S.K.: 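What follows is a structure written as structure tokens; I'll ask about it next.
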Amino acid sequence: MPLPLRIATWNVNSVRQRIEHLLSYLKEVEPDVLCLQEIKCLDEAFPRLEVESAGYNVATHGQKTFNGVAILSKRPFEVTRGLPGDQGDTQSRYIEAVIPDGDGVVRVASIYLPNGNPPLTEKYSYKLAWMDRLISHARGLLKLEEPLVLAGDYNVIPEPRDVHDPAAWAGDALFLPATRERFRELMALGLTDSLRASTDAAGLYTFWDYQAGAWPRNNGIRIDHLLLSPRAADRLQSVSIDKDMRALEKPSDHVPIRIDLA
DNA sequence: ATGACTTGCGCGGCAAGA
């Protein structure tokens with residue numbers, strides 16, 4: 001039986017600030033694929049040589065100062081940059097890889113969905129429009145009937161059990177009814193939330209704010225998700241949140257989440 | 001408690017994040 005395929009996603013909050021954490025993660029966890037968000041640099045500023053020396057192929061979709069996504073893979077792969085549906089969108093938030101796997105492929109997307117705060121502004125309407133574009137694109141991808149993993153920072157708290165203090169987040173763009181409704185619409189295309197396929201537990205988080213002692217108080221939210229097509233879900237073996245990463249010196253405010261597929 | 005953090009940019013203090 002072949003080794004499982006390990007696929008992880010992590011919002012690094014600046015790859016250049018986090019290069020040592022990134023390299024130790026690659027060495028210790030050995031993901032086959034790692035999706036990164038908020039690399040916060042242009043393609044030419046990505047620490048490509050360090051990552052390649054660790055045994056990974058790299059594709060970036062960078063941007064100066066903000067946003068930026070990347071996919072790292074032990075196996076070489078084909079890449080597509082950008083989310084279809086709006087030629088005028090200049091924000092780098094989506095990159096997609098087709099990775100050889102056995103006789104076929106696994107398709108993996110690295111997603112940095114807009115934050116959307118504050119609500120009632122163009123930032124929130126951009127978030128909702130971006131989610132509509134993601135739903136349309138995912139509908140097309142699912143028709144391919146491939147193993148598909150839509151991984152990333154969705155900036156969506158799916159349910160009250162995914163937030164330490166639901167009342168405090170009631171009016172936030174990450175938790176508003178219209179946000180959650182679109183997330184449910186995405187899921188209803190036939191996707192499986194990896195974490196919820198393995199546990200119903202409350203209080204499993206992937207983000208803790210830097211402010212107000214959110215980490216020591218465990219005042220977190222679950223917003224980083226690995227969504228699976230049926231053929232990927234059939235192969236799901238395990239899910240892990242690498243919570244220890246939040247306790248390191250100079251951590252990202254997000255931690256990685258990962259799956260093993262048979 | 002008028003608080004509390006971390007980035008990029010670029011060298012002074014914003015803007016953005018969640």
Side-chain angles (χ1 to χ4, degrees), chain A residues 9-22 25 35-47 60-70 89-94 110-131 134 151-180 182-183 195 203-225 241-243 245-257:
Chain A
T9 182
W10 185 29
N11 179 322
V12 286
N13 187 19
S14 172
V15 70
R16 290 178 292 177
Q17 290 293 324
R18 225 65 64 200
I19 183 63
E20 294 308 322
H21 291 350
L22 172 60
Y25 187 77
C35 298
L36 296 176
Q37 301 86 37
E38 282 204 272
I39 62 173
K40 291 188 172 178
C41 64
L42 292 166
D43 294 336
E44 54 265 38
F46 190 94
T60 57
H61 185 35
Q63 183 179 334
K64 188 178 171 71
T65 311
F66 303 120
N67 308 319
V69 287
D89 186 358
T90 57
Q91 301 189 28
S92 298
R93 297 180 172 276
Y94 187 93
S110 179
I111 293 167
Y112 179 44
L113 207 147
N115 174 301
N117 279 307
L120 307 176
T121 67
E122 68 289 340
K123 292 192 175 186
Y124 191 59
S125 53
Y126 174 69
K127 176 177 193 154
L128 295 182
W130 207 95
M131 294 184 83
L134 181 61
D153 175 2
Y154 281 74
N155 273 313
V156 176
I157 302 165
E159 299 179 80
R161 60 181 166 172
D162 299 313
V163 49
H164 178 264
D165 183 359
W169 289 80
D172 193 281
L174 281 63
F175 197 49
L176 280 173
T179 304
R180 294 172 55 200
R182 274 172 180 75
F183 188 76
L195 190 91
L204 298 173
Y205 307 134
T206 63
F207 170 91
W208 296 261
D209 200 282
Y210 289 124
Q211 300 188 64
W215 167 246
R217 294 165 193 244
N218 195 29
N219 189 359
I221 53 179
R222 188 172 76 92
I223 57 174
D224 299 272
H225 309 298
I241 297 174
D242 292 302
K243 190 176 176 180
M245 297 283 284
R246 190 64 178 76
L248 299 176
E249 288 293 315
K250 298 279 285 179
S252 171
D253 41 8
H254 296 249
V255 296
I257 176 170

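Values reported hereafter were calculated over all heavy atoms of this structure, with side chains retained and with hydrogens, waters and symmetry mates removed. Keep in mind that this is a model prediction, so the values were computed, not measured. Lettering follows sequence order; numbering is per chain, from 1.
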S.K.: Assign each of A/R18 and A/I221 to its nearest nucleotide of DNA chain B by heavy atoms, then name whichever residue's nucleotide is nearer the 5' end.
M.R.: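 Residue closer to the 5' terminus by nearest nucleotide: A/R18.
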S.K.: When the C1' atoms of B/dG12 and B/dA18 are considered, how many whole Å apart are they?
M.R.: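 Per the computed distance, 25 Å lies between those C1' atoms.
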S.K.: Is the ring pair A/Y154/A/H225 parallel, tilted or perpendicular, if the boundaries are 30 and 60 degrees?
M.R.: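 Rings of A/Y154 and A/H225: tilted, as their planes differ by 30° to 60°.
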S.K.: Which is the 5'-most and which the 3'-most nucleotide of DNA chain B that has an atom under 4.0 Å from a heavy atom of chain A?
M.R.: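 For DNA chain B, the relevant span reads B/dC5 to B/dA18.
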S.K.: To the nearest 0.5 Å, what is the distance between CG on A/L174 and CZ on A/F183?
M.R.: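 Taking CG in A/L174 and CZ in A/F183, the distance rounds to 11.5 Å.
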S.K.: Between A/D172 and A/P251, name the one whose nearest nucleotide on DNA chain B is closer to the 5' end.
M.R.: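 Its nucleotide being nearer the 5' end, the pick is A/P251.
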S.K.: Strictly distance-based, threshold 3.5 Å: is any side-chain N or O of A/Y210 a donor or acceptor partner for the main-chain N or O of A/D253?
M.R.: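 It does hold such a pair.
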S.K.: Please enumerate all residues that pass ring-ring contact (aromatic ring centres under 6.0 Å, His included) together with A/W215, with sequence neighbours excluded.
M.R.: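 Scan of A/W215 (ring-ring contact (aromatic ring centres under 6.0 Å, His included), adjacent residues dropped) gives A/W208.
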S.K.: Against A/N13, only a single residue in A/K250, A/K40, A/Q37 fulfils side chain to side chain donor-acceptor pair (under 3.5 Å); can you say which?
M.R.: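 Exactly one candidate clears the test, A/K40.
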S.K.: Considering every strand and a 4.0 Å limit on heavy-atom distances, what is the contact class for A/N67: base, sugar-phosphate, or nothing?
M.R.: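 Result for A/N67 = nothing.
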S.K.: Looking at every strand, decide which applies to A/D224 at a 4.0 Å heavy-atom threshold: base, sugar-phosphate, or nothing.
M.R.: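 Answer is nothing: A/D224 stays at 4.0 Å or more from every strand.
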S.K.: Quick one: does NZ or CZ of A/R222 land under 6.0 Å from the six-membered ring centre of A/Y205, within 45 degrees of the ring axis?
M.R.: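 No.
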S.K.: Can you name the closest pair of heavy atoms from A/A170 and A/L176 and give their distance?
M.R.: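 Smallest heavy-atom distance, with atoms named: O-CD2, 3.5 Å.
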S.K.: What is the nucleic acid contact for A/K123, judged by heavy atoms within less than 4.0 Å: base, sugar-phosphate only, or nothing?
M.R.: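 Sugar-phosphate: the residue A/K123, judged by heavy atoms under 4.0 Å, touches backbone atoms but no base.
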S.K.: How are the rings of A/Y25 and A/W10 set relative to one another: parallel (under 30°), tilted (30 to 60°) or perpendicular (over 60°)?
M.R.: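 Geometry flag for A/W10 against A/Y25: tilted rings.
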S.K.: Looking at residues 204-220 of chain A, who's got a heavy atom less than 4.0 Å off DNA chain B?
M.R.: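 When residues 204-220 of chain A is checked for heavy atoms under 4.0 Å from DNA chain B, the hits, listed by number, are A/F207, A/Y210, A/Q211.
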S.K.: List the atom of A/N11, the atom of A/S252, and the distance in Å for their closest heavy-atom pair.
M.R.: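 Between these two residues, the closest heavy atoms are O-OG, 2.7 Å.
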S.K.: In whole angstrom, give me the gap between the P atoms of B/dA15 and B/dG10.
M.R.: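 Taking atom P in both B/dA15 and B/dG10, they lie 15 Å apart.
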S.K.: At under 4.0 Å between heavy atoms, what does A/N155 touch on the DNA or RNA strands: base, sugar-phosphate, or nothing?
M.R.: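 If one applies the 4.0 Å heavy-atom cut-off, A/N155 turns out to touch the sugar-phosphate alone, with no base involved.
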S.K.: Using a 4.0 Å heavy-atom cut-off, does A/Y112 contact any base of the nucleic acid, only the sugar-phosphate backbone, or nothing at all?
M.R.: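 The residue A/Y112 makes sugar-phosphate contact but no base contact.
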S.K.: Looking only at atom C1', what distance separates B/dA1 and B/dC11, rounded to whole Å?
M.R.: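 Rounded to whole Å, the distance is 31 Å.
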